[in-house]
Number of protein chains: 2
Amino acid sequence: MSETGDAVPGAATARPHGARPAPTIYDIAQVAGVNPSTVSRALSKPGRLNAKTEKRIQDAAKQLGYRANPMARALPTGRTHTLGLILADITNPVFFDVVRGAERAAANAGYTLLVAESQESGEREAAATERVAPSVDGIVLGATRLGDDQIRALAETKPVVVINRAVSGVDDIVPDLATGIDEALDHLAELGHTALAYLSGPSQSWMSRARWQLLIERAAARGMTIVEIGPSSPTIEGGREVFARVATSGVTAVLAYNDLMAIGVLRAAREQKVDVPRSLSVVGFDDIFGSDFTSPALTTVRSPLDLVGEFAVQRVLDRVEAREGTAGEGGATLSTTLVVRDSTGPTGK
Amino acid sequence: MSETGDAVPGAATARPHGARPAPTIYDIAQVAGVNPSTVSRALSKPGRLNAKTEKRIQDAAKQLGYRANPMARALPTGRTHTLGLILADITNPVFFDVVRGAERAAANAGYTLLVAESQESGEREAAATERVAPSVDGIVLGATRLGDDQIRALAETKPVVVINRAVSGVDDIVPDLATGIDEALDHLAELGHTALAYLSGPSQSWMSRARWQLLIERAAARGMTIVEIGPSSPTIEGGREVFARVATSGVTAVLAYNDLMAIGVLRAAREQKVDVPRSLSVVGFDDIFGSDFTSPALTTVRSPLDLVGEFAVQRVLDRVEAREGTAGEGGATLSTTLVVRDSTGPTGK
DNA sequence: TTCCATTTGACAACCGGTTGCCATTCGCGT
DNA sequence: ACGCGAATGGCAACCGGTTGTCAAATGGAA
């Protein structure tokens, strides 16, 4: 007889929060009159057991309000059903959609998302990664400050997918920049622009360099000229600061590394009484939240960031579950597009 | 000698990902020549052991690159060192700072944050909560769709703190609305406004009602009149839709339930050629990211959302660690303030 | 040197599941 | 009615820590 949960001797059940302990498979086993291992099988491998027995167990589980203890399950299996998402800065609007897409994909697969922030610091990021790594099955790294070697080392530990960056030997999800850049250049060409400037972001930014590379290449193909101005801080302030150099560069249109910088340019232009888009066309990248609040509303190259998050999670999951996944294989579905708003217009000439 | 990370002896068992198994206290015990339990004590209760032994063990741990397995630790102790943050909508900019503040507070305390999103659906939220609850020590609930009873039931299971809402019997962190509202009304009064309108959000929104209650009370005290227009969707679209009713209501200033709605009003006003602030002053709530991108830039009542997140986590932690915490006790440090920008001005009269 | 009070650290049980192995039972064909 | 193979479910070990108990070792005092 000896009751299971009640008269536990030494335990004294001095629970932290005074709640009664959650039911376990042992409780269910007792109610259903079977062995705990049978309960485990009934719950995790439907069909393995006699239908009647299985039903009896499931009824008991339901009746007791049973919820499997994830920790207990993770211990022998090594699988936590949790994924880590590590971001340089949660408040950076670029990541909003990434987080949402990732969260959704994870939830759909029955996984939970652990979000950690590195506050733009390499050390903190390393610390955050170390803290998160042991309790997740896989990791999505966004705008990481980690070095290639650190990332590769991590990737040998568990499945890792990098977003918006490429690290040789590590999976990545990067939207296809070419489509959006082509559209943007075509758009500017149509409006008569031939002399462009690129306002580059931080010099270490993989994405800033990638955009710049593609821009020179594609601008050249169209017979347009383009100069790089920067690098500078990828913020509103950064954009504002380089405005003077834009104004004196003689270009009629600028593409900023990101929307924040583009907004900075817009502001500086307004302060200097430079008319956008009449005297200067401005194009951003990312289409972050709020980029249509500005006046003029910002024309920008939109990345499907929610899909980036979603695909990144799917890719990690493919690896975790050892299936030959091809989530988001080929940038086709991850193409970027130009969102034309009011910050671009015909050249003043 | 023996370099740190290199010759880790790992047994190279066929792991899912091919990685060598993480070192355990058993490995350390073997290296240090002691019993595993001794290792456990050396690592978790410094001082309990002979200094020499302790050092030897710690050296071995360092050499092996030991990281405690959180699951294994959580199993006997019941403490996961993880906190759950459940939000209705991660992409709602109002939560950005909450997430950041919460993440920081959690990280500082050595805790990890588990973020889940309910996608504005009560069912999904219940599901998300159920999924998250077993693996966290406490929960912060933001903009929840759960009923009071559900929340109370959850709160009996583990420490719960609700933000931006009050549920009797459950801890909450709500900024002090009065300070900001007083400032806003004083500001409008100074500008000559006497007839105001409040654009209310969803009728079930606790926060929308709370703001409205305070507004009538404080407006009356100043001899101002105020009418409620709404309820409507707390979005840009929602704000735009009620603009017609604002225009015909005869008021000279509106306070919108949140910035998104205020921005909607700004847009509709521009479309209708209504000059803001000359013909109409507009005040928002929250000071979300991007609310200064608009033109005119939005005057808004700012809530210290990062502190809300931070205090909520601290409060949960106080309960989790059973200390008599008083984090954020008294709204003093959580006062709201008016951010005056360009959407408010003297009445046209 | 002897004896006792303290340290120190080993043993083993336990947290709540999972899973390989094996004995039993069942159903079926003949 | 009998024999056989497959279906079923019990047993026990294990995942990696934590912790109560207790014996051994240590040190100090007499």
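All chains are named by letter (A, B, ...) in the order of the sequence lines, taking the proteins before the strands, and each is independently numbered beginning at 1.
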Could B:Arg319 and B:Asp171 be called an ion pair, given the rule that one side-chain N must be under 4.0 Å from one carboxylate O?
yes

Please state how far atom NE2 in B:His81 lies from atom P in D:dG17, giving the value in whole angstrom units.
14 Å

Look at the side chain of B:Lys45 and decide which nucleotide, out of D:dT19, C:dG17, C:dA10, has an atom nearest to it.
D:dT19

If you measure only the distance, is there a donor-acceptor pair under 3.5 Å linking the side chains of B:Thr112 and A:Arg131?
yes

Return the value, rounded to whole Å, for the distance between atom CD1 of B:Ile57 and atom C1' of D:dG17.
14 Å

Should B:Arg152 and B:Asp149 count as an ion pair when the cut-off is N to O under 4.0 Å?
yes

Interatomic distance, A:Asn69 CG vs D:dG16 P [rounded to whole Å]
16 Å

Roughly how many Å is it from CZ in B:Arg79 to P in D:dG16, rounded to a whole number?
22 Å

Any N or O donor-acceptor pair linking the side chain of A:Arg41 to the base of D:dG10 at under 3.5 Å?
yes

When we call it a touch if two heavy atoms are under 4.0 Å apart, what does A:Val34 touch: a base, just sugar-phosphate, or nothing?
sugar-phosphate

Of C:dC15, C:dG17, D:dG9, the nucleotide closest to the side chain of A:Ile25 is C:dG17

Can you tell which of C:dG17, D:dT18, C:dT18 lies closest to the side chain of A:Thr77?
C:dT18

Given D:dT18, D:dG10, D:dG16, the nucleotide with the shortest approach to the side chain of B:Ser40:
D:dT18

Tell me the interatomic distance from B:Lys52, atom NZ, to D:dA25, atom P, rounded to whole angstroms.
16 Å

Round to a whole Å and report the spacing from CG of A:Leu43 to P of C:dT18.
8 Å

Both B:Arg56 and B:Leu75 contact DNA chain C. Which one's nearest nucleotide lies toward the 5' end?
B:Arg56

Rounded to whole angstrom units, what separation is found between the CZ atom of A:Arg73 and the P atom of C:dC15?
18 Å

Where the side chain of B:Tyr26 is concerned, which of D:dG10, D:dG16, C:dG17 is the nearest nucleotide?
D:dG16

Check this for me, if you would: do A:Arg145 and A:Asp89 make a salt bridge, where the nitrogen-to-carboxylate-oxygen distance has to be below 4.0 angstrom?
no

Sugar-phosphate only, base, or nothing, as touched by A:Ser37 at under 4.0 Å among non-hydrogen atoms
base

Considering only C:dG16, D:dG9, D:dG16, which nucleotide approaches the side chain of A:Thr24 most closely?
C:dG16

Would you please name every residue forming a side-chain hydrogen bond (donor to acceptor under 3.5 Å, both in side chains) with A:Asn108, sequence neighbours left out?
none

To the nearest Å, give me how far apart CG (A:Asn50) and P (D:dG10) are.
11 Å

Between B:Ala72 and B:Thr53, which residue's closest nucleotide on DNA chain C lies nearer the 5′ terminus?
B:Thr53

Does the side chain of A:Asn35 get closer than 4.0 angstrom to OP1 or OP2 of D:dG9 through an N or O atom?
no

B:Pro76, nearest nucleotide to its side chain (from C:dG17, C:dA10, C:dC15)
C:dC15

Pairs touching residues 36-45 of chain A that satisfy side chain to side chain donor-acceptor pair (under 3.5 Å), sequence neighbours left out:
A:Asn35-A:Ser37

